Amino acid sequence: MRARVGLLTVPQVRWVPLPVERERAAWHGPPGASRPVRDVPFVPTPEEVVDDMLGAARLKETDVVYDLGCGDGRIVISAAKFFGARGVGIDVDADRIKSCEQNAAKAGVTGRVRFVQQDLFAANLSEATVVTLYLLPWVNVGLRPKLLKELRPGSRIISHAFSMKDWLPDRVVRVLSGKKILYCWMVPANVQGRWNCTLRLDDGRKREAVLEFEQEYQMVMGASRVKGREVMLEQVKMEGRQLSFMLPYRGGGTSPVMYRCHVDGDVMRGSGRAAWGRATELELRARRKT
Ligand SMILES: C[S@@+](CC[C@H](N)C(=O)[O-])C[C@H]1O[C@@H](n2cnc3c(N)ncnc32)[C@H](O)[C@@H]1O
């Protein structure tokens with residue numbers, strides 16, 4: 001009998017768990033000294049790079065941009081002025097917030113932007129659809145659990161110059177003739193665990209299956225059990241709430257099927273397209289097992 005190792009009973013190498021996430025970057029100042037109020041000094045992003053950041057986010061009018069550590073407000077002001085988006089700038093420095101408000105008035109966008117004097121680790125990010133960062137590597141890493149918890153799947157994060165260590169970006173964009181680098185992520189839906197799944201074929205027949213996914217950020221592995229047979233899913237891809245995967249050829253005249261699904265909490269719905277065979281369109285509905 002095979003040992004139960006996850007992803008149904010298919011033996012495979014499991015991913016190494018991540019080191020414990022730090023709630024916040026460690027403070028290594030002199031003994032007895034308190035943490036400085038600012039985690040990062042004010043260094044503005046060049047205006048051309050601001051345009052590239054908003055372009056990399058594929059910004060739309062319906063977006064709400066949060067710039068964490070907003071400096072003079074240039075990112076959210078540009079988002080409002082040139083894309084018609086709404087923006088919120090957070091900065092711990094009162095003088096910075098004052099200059100943001102003056103700059104927003106000059107740009108004529110006061111109705112679409114808001115500036116809050118606050119520690120960025122205390123900000124509520126739940127309404128943001130785009131988050132921009134120009135901080136420092138350890139501050140990005142400290143922010144990572146908050147971004148994953150508070151942002152909705154599909155939200156985009158653009159960081160000027162700094163990565164998030166082992167949360168690998170979906171895209172890296174070089175700008176300003178290669179002198180600057182932007183890291184881009186899309187927050188993935190959580191699909192970790194086992195899902196009870198019903199597949200409906202286009203001739204009306206139904207088939208029950210169990211799907212199991214293991215997930216680290218946007219990287220997902222999956223396996224399925226249909227009619228007692230277990231197979232690894234191929235070409236598994238997670239993009240925000242969209243999960244796609246291929247159920248490969250399983251012999252017995254079955255065609256490989258490519259599924260595209262929408263994930264909403266513990267419910268997944270989608271459809272599959274078979275390369276050949278009688279049933280070429282399939283409907284998938286799945287619910288996560290508790
Ligand atoms: C490098 S500047 C970036 C400014 C702006 N985002 C840009 O790209 O032009 C970082 C800003 O973060 C602010 N900041 C530093 N630590 C902060 C904290 N804990 N909470 C909120 N703002 C912070 C600083 O005051 C500074 O204005």
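Both ligands and their constituent atoms are indexed starting at 1 by order of listing. Fair warning: this is a prediction, and the values are worked out from it, not measured in the lab. Note that these values count all heavy atoms, side chains included, but never hydrogens, waters or copies made by symmetry. The first residue of the sequence shown is numbered 1, and numbering continues consecutively from there.
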TODO: Could you tell me whether R74 and ligand 1 have an N or O pair separated by under 3.5 Å?
DONE: no
Task: Structural part of D67 in contact with ligand 1, heavy atom criterion under 4.0 angstrom - done: side chain
TODO: Report yes if some heavy atom in the side chain of D91 is under 4.5 Å from a heavy atom in the side chain of C100; otherwise report no.
DONE: no
Task: Partners meeting ring-ring contact (aromatic ring centres under 6.0 Å, His included) with Y66 (sequence neighbours left out) - done: none
Open item on the list: Evaluate L120 for polar contact with ligand 1, using N/O atom pairs at a separation under 3.5 Å.
Closed with: yes
Open item on the list: Quick check on contacts: which atoms of ligand 1 are under 4.0 angstrom from a heavy atom of R96?
Closed with: 27 (O)
Open item on the list: What I want to know is whether L68 and ligand 1 share at least one N or O pair that is separated by under 3.5 angstrom.
Closed with: no
Task: Which of the ligand 1 atoms, numbered from 1, are nearer than 4.0 Å to a heavy atom of C70 - done: 4 (C), 5 (C), 6 (N)
Open item on the list: Heavy-atom distances under 4.0 Å decide this one: backbone, side chain, both or neither, for D72 against ligand 1?
Closed with: neither
Open item on the list: For the backbone of T132 and the side chain of R156, can you confirm whether one donor and one acceptor N or O come within less than 3.5 Å of each other?
Closed with: no
- [ ] Inspect the surroundings of CZ in R200 and state if more than 12 heavy atoms from other residues, nucleotides or ligands are less than 6.0 Å away.
- [x] no
Task: Which of the ligand 1 atoms, numbered from 1, are nearer than 4.0 Å to a heavy atom of Q118 - done: 20 (N), 21 (C)
Open item on the list: Any salt bridge linking R86 with E127? Criterion: basic side-chain nitrogen under 4.0 Å from a carboxylate oxygen.
Closed with: yes
Open item on the list: List the residues meeting salt bridge (Lys or Arg N to Asp or Glu O under 4.0 Å) with D72, not counting sequence neighbours, and say none if there are none.
Closed with: R74
